[in-house]
Every structure is written in structure tokens, then in C-alpha cells.
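Bear in mind the structure is a predicted one, so any value in this text is a computation, not a measurement. In what follows, chains are A, B, ... by sequence order, proteins preceding strands, each numbered from 1.
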Amino acid sequence: MIRSARLGLLVACGAAVGAFALSKDAAAQFRDLSQGRPAPRTADGRISFSGTPDEVGNWEGSTGNGAELIYPTPEDDPRNGTDALPTNLSVERVPFQPWARALFDHRQRTYLKDEPHVRCKPSGVARLFHTPYGLEILNLPDSGEVIFVSVGSPHSWRVVDLRATEHAPSPLEPTRYGHSIGHWEGDALVIDAVGFAASFWMNRLGLPHTEQLHTIERISRPNFDTLIYEVTIDDPGAYTATWSGGFYLSWRKGNEPFDYLCQDNNLDPERLVGPEG
Amino acid sequence: MVTTVASTSARKRGLVAVTAAVLALSSFPAAPQAPGAAAAEAAAKPIPRNPDGTISFAGTKDDVGNWEGPPGTSLANNVFEDALAPNRLNLPTNLELADVPFQPWAREVYDQRQRSFTKDDPHTRCKPSGAARLFHTPYGFEVLQLADTKEIMFLPVGAPHSWRVVHMDGRPLPENPSPTWYGTSVGHWEGDTLVIETVGFNDRFWISREGVPHTAQLHTTERISRPRFEQLRYEITIDDPGAYTKPWTGGWNIPWSAGNEPFDYLCQDNNLDPARMVGPSP
């Protein structure tokens with residue numbers, strides 16, 4: 001009951017934040033999304049996030065180039081060919097609780113050497129969306145699911161349930177992808193997720209969270225070659241207020257899923273070094 | 001211990017005949033034969049089809065579920081020393097172990113894996129379940145048929161939470177593929193049977209749970225059909241001149257598990273099993 005009351009409040013807050021953060025006009029400051037081929041649609045008229053019979057491809061999670069949820073340093077110029085959304089916050093404006101900021105800084109100081117992703121753990125939210133080697137988004141109307149297939153890292157996948165209207169009863173077994181339910185708002189897929197484990201990092205920069213994390217993600221495809229990913233983060237365990245961030249992903253024509261497998265002779269962790277912090 | 005398997009197989013073969021008759025009633029009927037069976041067939045749920053008319057291997061809007069990989073199934077019969085009868089879900093056409101055309105070294109590897117209680121199974125080290133192994137991994141697998149991208153994907157829920165792609169766009173098998181756990185797969189339909197040809201395997205997985213070995217020369221032909229709503233029939237022909245003297249075929253039936261949904265099982269998340277997998281070191 002407490003949880004659902006909090007969620008209700010959060011949805012209202014999220015909507016207010018979203019109205020600002022997710023406005024198309026704001027996004028258009030950085031990219032002219034009115035150009036380009038129209039996004040493909042499925043037989044039922046829905047936007048398709050995948051390829052077409054004539055064009056294989058998938059979404060290449062950008063590495064660097066601002067494809068983060070925040071601007072990592074105040075001096076980063078977000079207006080310079082970046083994949084960041086124009087509404088992203090600089091790190092100074094992220095409403096960290098003090099311990100969360102200290103942990104974020106620690107991860108930065110130690111050059112991210114302890115990142116779970118490189119130990120073959122699933123990427124979690126939103127790390128999934130900027131993992132290299134491509135991301136496939138499978139829309140399965142028959143089973144009422146959307147499945148994200150992540151090609152890099154541990155070769156894993158995440159399911160979003162479009163039939164459910166509320167989350168499974170508490171306590172949810174915490175997992176790296178959480179319990180995700182989704183619905184369509186026009187041409188945007190909106191995903192509400194809870195039940196996250198604390199053991200992943202939310203993005204490549206090491207944004208921390210707790211098991212109280214609740215996310216609302218919005219995914220849209222304004223034209224054939226662009227995906228907009230936005231997430232509102234509500235975690236009263238780590239942040240003092242809800243906040244949003246996101247980035248653009250680019251369609252990579254010709255990309256196909258292949259057998260990348262992190263846990264196959266993974267030599268990276270011992271090569272990841274940095275100060276003790 | 002090897003001789004135990006060999007010497008008991010004749011006795012077990014006698015049991016096969018007996019149990020096959022019994023099991024014909026209790027396991028999936030290949031076709032309705034008795035009047036009662038015909039009535040049951042008439043009342044059976046229709047097998048779902050995709051908009052393009054192909055058989056669907058998924059659930060329906062009203063019927064969530066997936067295929068629960070049955071433990072205990074095997075590509076040949078009586079592969080375990082303590083087996084009294086073939087697993088009831090094994091295909092009736094499966095070979096006896098003694099009839100599998102192993103090359104001598106492959107039979108030795110197989111016996112070594114059995115003697116050591118399959119303790120070295122790569123699957124339990126969070127490696128993907130190549131070839132047939134995927135089809136008897138617990139916690140279910142989903143079959144996604146993606147018309148727009150002309151792909152079929154298998155999503156096994158257990159083990160390392162991975163996926164396998166089959167290209168349905170008519171491309172040929174690759175000439176010189178990079179070896180991987182799932183290989184490179186192309187598929188086509190023969191009537192209502194999905195036929196998948198795969199090459200480009202690495203040699204690091206076990207073809208099935210009981211430790212059937214192979215080399216990177218492996219070429220598989222899998223035939224998957226859904227004779228009833230609740231039944232998936234899986235059959236694989238193993239053509240590997242590096243490990244066998246000729247191609248051979250085996251498989252099993254896989255029950256539909258109503259209500260099963262994919263969930264976040266993740267082998268590599270605090271995997272404690274390998275240290276607990278013990279057995280003789282032959």
C-alpha cells in the first residue's frame with residue numbers, strides 16, 4: 001500500500017518532469033529529427049523498433065560521445081555533436097544523496113575498474129542501452145511482450161510485459177533488469193520497472209542506485225535512423241528527487257546479432273586498473 | 001565402468017520393448033489410434049499459426065507459456081548407467097547408446113564424462129547451451145518468430161540467459177564461419193516442420209546434457225514441429241566426421257508449460273555450482 005501510494009505520486013511527478021524533459025522541441029535543439037526516412041510500422045500501425053524485410057540492422061549503443069544520462073563534468077559542452085539529450089543534467093545538478101555522490105565520485109576516481117558489466121553481469125537499466133555491438137528490440141504482439149536482446153556483454157535479454165497493468169506483488173525478487181511493464185503512449189513505448197537488484201551500475205559512468213529504484217523509460221523512433229531513449233529515475237534511497245536523462249541511439253544498417261559472449265574467456269577484469277580511491 | 005554400460009545395454013534393450021508399449025499410452029501419442037484418443041484429439045486445442053500461415057511455436061494471447069526443457073532426456077537411449085528405461089520423452093527412434101557411431105576417441109570422451117558424473121559440463125560454468133543442449137535446459141525456452149526481420153530466436157531462460165538466432169531469409173550457410181557456441185543457423189519450412197541447418201560451431205560445449213562430444217566440423221540439421229499444442233518435437237541429425245563414423249539422429253519431445261514466463265535467471269550471478277559438481281577423476 002505504501003509502495004503503491006508512492007508510485008502514484010511518482011507517476012504524477014514523472015509526468016511533470018516528462019512534459020519538460022521529453023518535449024520534442026527540446027530534443028530538436030540538438031538534432032533535426034524532421035528529416036530522414038520515416039520509421040517503419042508494423043501491420044497493426046504500431047511503430048516498429050526493428051528492421052524491415054528489406055533492411056537488416058539494429059541499434060548501436062553509442063560509447064562516449066555524450067551517450068550518458070548526465071553530463072559528467074560541468075565543462076562538457078553538450079552542444080557539440082553529442083548523443084546526449086539536451087535536457088540532461090550536469091553532474092552538479094543531479095539530486096544525489098551525499099553517500100550516492102561519494103560513491104559516484106569513487107567510481108570515477110577508480111577509473112570505473114569495478115564495473116559489474118565487465119564481469120559479465122547483465123547491464124541493467126539504463127546500461128543496457130549503451131552497450132556496444134547493438135541492441136535488438138523485438139515487439140511481440142501475440143505474447144504481449146517487448147524483448148530487448150543485447151548483443152554485447154553476457155548475451156542477455158530483458159522482457160517487458162505489455163499485458164500487465166501493475167507490478168507483481170511485493171516483495172519482488174530483485175533482479176538486474178527488474179520487473180518491467182509497458183504500454184504505448186502514441187508512438188512512444190513507456191516502461192515502468194521496479195524490483196531491481198542494487199548490484200549493477202545504472203550507466204557507464206557508474207551512477208549508483210538502491211533496490212528502491214523505480215524507473216520510467218520512454219523509447220521513441222522519430223525517424224528510421226534515430227531512437228530516443230529517456231529514463232526517469234526515482235530512487236529515494238540514493239536521490240533526493242526524481243530526475244531524468246537519456247540519449248540518442250543510431251540505427252546501424254547491416255548489424256546482425258552474433259555470438260559475442262562475455263563469459264567466454266573473459267580477460268578484461270584483471271586489465272581494468274585504477275587508483276584505490 | 002565402461003563395461004557396465006555395455007553389458008547392461010542388452011538387458012536394457014529388452015526393457016525398451018516392454019516400456020515402449022506401456023509408454024505409447026502414457027506419453028505423447030504420435031497420432032490418435034484408439035477411439036478415445038480420437039475424441040481427445042478433437043477436443044484438443046488448435047495449434048496456433050502465424051499470420052503468414054506458418055506454425056507458431058509460441059503461446060497465444062490467451063495462453064502464456066513456453067517449452068520446459070525436460071531433464072533426463074537424451075539423444076540416445078539408456079545413456080546413464082542407472083537408467084532402467086529410456087526417458088519417456090525421448091523419441092522412439094532414438095538409437096541405443098551402443099549403436100551411436102562414435103569414433104573411438106569420441107566414445108572415450110563420452111565415457112569419461114559419464115564416469116565423472118558430468119561434473120565438467122560447460123553449461124554449469126555459464127556457457128551457452130549449444131545445439132541440442134538448449135532444448136533440455138530447465139526453466140523453459142521461448143521461440144520467437146520474427147516475420148519482419150526474417151529471424152527466429154530461441155531464448156533459453158536458464159543458464160546464462162542467452163539467445164540464439166536462426167536466419168530465415170534464404171541466405172546460404174557461410175563458407176568459413178567464425179566458430180561460436182550456437183554456430184551460424186539458417187532455417188526453412190518443410191510443411192509444418194522448421195528445419196534448421198547449422199555450421200560454425202566451436203567444440204567447447206557438449207551437444208547434450210549427457211555429454212555427447214563433437215568437433216568444430218559439426219554440421220547439424222534440426223527438425224522442430226508442434227504436433228499438438230502442448231508438444232514440441234525436437235530432432236537433431238549430427239553430422240561430424242571428426243567425431244562419428246556417419247551421421248546419426250536423436251531427439252525428444254518437449255512439453256508446453258502453461259503459465260511459464262521468462263524471468264531473470266542468471267547463471268553468472270554468484271554461480272556456486274561448479275565447486276559443488278564433484279565426481280571421480282578418471
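- For B/T60, the part sitting under 4.5 Å from any heavy atom of chain A is the backbone (N, CA, C, O) and nothing else.
- For A/P141, the part lying under 4.5 angstrom from a heavy atom of chain B is the backbone only.
- The minimum heavy-atom distance between B/R204 and B/H214, with the atom names listed, is N-NE2, 4.4 Å.
- Contact count against chain B (heavy-atom pairs under 4.5 Å) is highest for A/V149 among A/V149, A/V56, A/D54.
- Pairing of B/C267 with B/C126 by a disulfide is supported, the SG atoms lying closer than 2.5 Å.
- Between chain B and the options A/R158, A/E145, A/R119, A/E256, the largest number of non-hydrogen pairs under 4.5 Å is found for A/E256.
- Residues of residues 137-145 of chain B that come closer than 4.5 Å to chain A, counting heavy atoms only, are B/E142, B/L144, ordered by residue number.
- Checked against side chain to side chain contact (heavy atoms under 4.5 Å, CB included), A/D225 has the following partners two or more places apart in sequence or in another chain: A/R37, A/N223, A/W251.
- A/R163 touches chain B through its side chain: at least one heavy atom from C-beta onward sits under 4.5 Å away, while N, CA, C and O do not.
- Residues meeting the ring pair (Phe, Tyr, Trp, His ring centres under 6.0 Å) test with B/W206, sequence neighbours left out: none.
- Counted by atom type alone, B/T184 and B/R171 present zero donor-acceptor pairs between their side chains at under 3.5 Å.
- In this structure, the ring of A/F200 has its center less than 6.0 angstrom from the ring center of A/H209.
- The CG atom of B/N50 lies 5.5 Å from the CG atom of B/D52; values are rounded to the nearest 0.5 Å.
- The ring pair (Phe, Tyr, Trp, His ring centres under 6.0 Å) with B/F57 is formed by just one residue from the set B/Y234, B/W189, B/W256; it is B/W189.
- Side chains of B/T198 and B/S185: a donor on one and an acceptor on the other come within 3.5 Å.
- For the residue pair B/D192 and B/S225, no side-chain donor N or O sits within less than 3.5 Å of a side-chain acceptor on the partner.
- Heavy-atom contacts from other residues, nucleotides or ligands closer than 6.0 Å to CD of B/E190 number more than 12.
- Residues of residues 146-156 of chain B placed with any heavy atom under 4.5 Å of a heavy atom in chain A are listed by number as B/L146, B/D148, B/T149, B/K150, B/E151, B/M153, B/L155, B/P156.
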